[in-house]
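What follows is a set of notes on a single structure, which appears directly below.
Below, all heavy atoms of this structure are taken into account, side chains as well, without hydrogens, waters or symmetry copies.
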Amino acid sequence: MVTINNLSLQDAKPTDYPHLILWDNPHNAEIVQIAFNNNAQIISYRDNLISRINSKQKYLILNENLDDELDAIKEICANNSKKVLILKDLDILISYLYSKPSSPISLFWKKLGDIRHLDSILWILLPTKFIPPNWDKKRIKSVVGL
């Protein structure tokens with residue numbers, strides 16, 4: 001495990017795949033410190049999702065629109081102003097997917113792990129309980145907070 005002071009996000013390999021930061025209960029100040037140390041931008045999946053909600057749509061059916069959510073993640077990377085991006089709050093989508101009968105969570109992890117050609121180095125901040133099966137260990141960092 002690493003600490004926030006020695007966590008280097010710019011040396012991620014390969015740079016066009018998503019990477020994971022596993023971290024239980026980070027404080028916002030710690031996330032901001034990591035972003036500052038790595039010249040990274042922080043984006044909230046939750047805020048992005050809220051901005052994409054169609055007011056004419058009665059329900060969010062995210063489990064039936066996985067490709068839309070993965071496309072949104074790619075778009076977040078494309079619109080990022082910095083080389084490194086920290087995506088937080090994706091555990092909202094993952095929790096939602098786990099809660100559904102016949103959950104497409106395995107498909108989600110596979111498709112997320114297979115994303116290529118991202119415009120930024122993408123680091124997804126998740127609690128340690130959400131470590132995906134069969135994820136390349138080279139694309140995972142675990143963090144100990146302050």
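Relative orientation of the Trp135 and Trp109 rings is perpendicular, given thresholds of 30° and 60° on the angle between their planes.
Atom CG of Asn134 has 12 or fewer heavy atoms from other residues, nucleotides or ligands within 6.0 Å.
Taking the side-chain contact (heavy atoms from CB on, under 4.5 Å) definition, one finds that Glu75 meets it with Asn79, sequence neighbours left out.
Under a 3.5 Å cut-off, the side chain of Asp89 and the backbone N or O of Tyr45 do not form any donor-acceptor pair. Side-chain N or O atoms of Trp23 include none that pairs as donor or acceptor with a backbone N or O of Leu125 at under 3.5 Å.
Salt bridge status for Asp67 with Lys111: present, with a side-chain N to carboxylate O gap under 4.0 Å.
Between the side chains of Tyr17 and Arg116, at least one donor-acceptor pair of N or O atoms lies under 3.5 Å. Side chains of Asn37 and Gln33: a donor on one and an acceptor on the other come within 3.5 Å.
Between Pro127 and Phe130 there is a side-chain heavy-atom pair separated by less than 4.5 Å. Inter-residue side-chain proximity for Trp123 and Leu87 is flagged as unmet; no heavy-atom pair is nearer than 4.5 Å.
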- side-chain contact (heavy atoms from CB on, under 4.5 Å) assessment of Leu97 paired with Leu66: CA-CA 10 Å; Leu97 294 175; Leu66 282 184; 3.8 Å; yes
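Residue pairs that meet the salt bridge (Lys or Arg N to Asp or Glu O under 4.0 Å) test with at least one member in residues 8-23, sequence neighbours left out, are Asp11-Lys141.
Note on Ile92 and Leu22: separate hydrophobic clusters, where clusters join Ile, Leu, Val, Met, Phe, Trp and Tyr whose side-chain heavy atoms are under 4.5 Å apart, directly or indirectly.
Atoms CD1 and OG, from Ile86 and Ser44 in turn, are 12.5 Å apart once rounded to the nearest 0.5 Å.
A side chain to side chain contact (heavy atoms under 4.5 Å, CB included) with Ile21 holds for exactly one of Leu9, Ile140, Leu126; it is Leu9.
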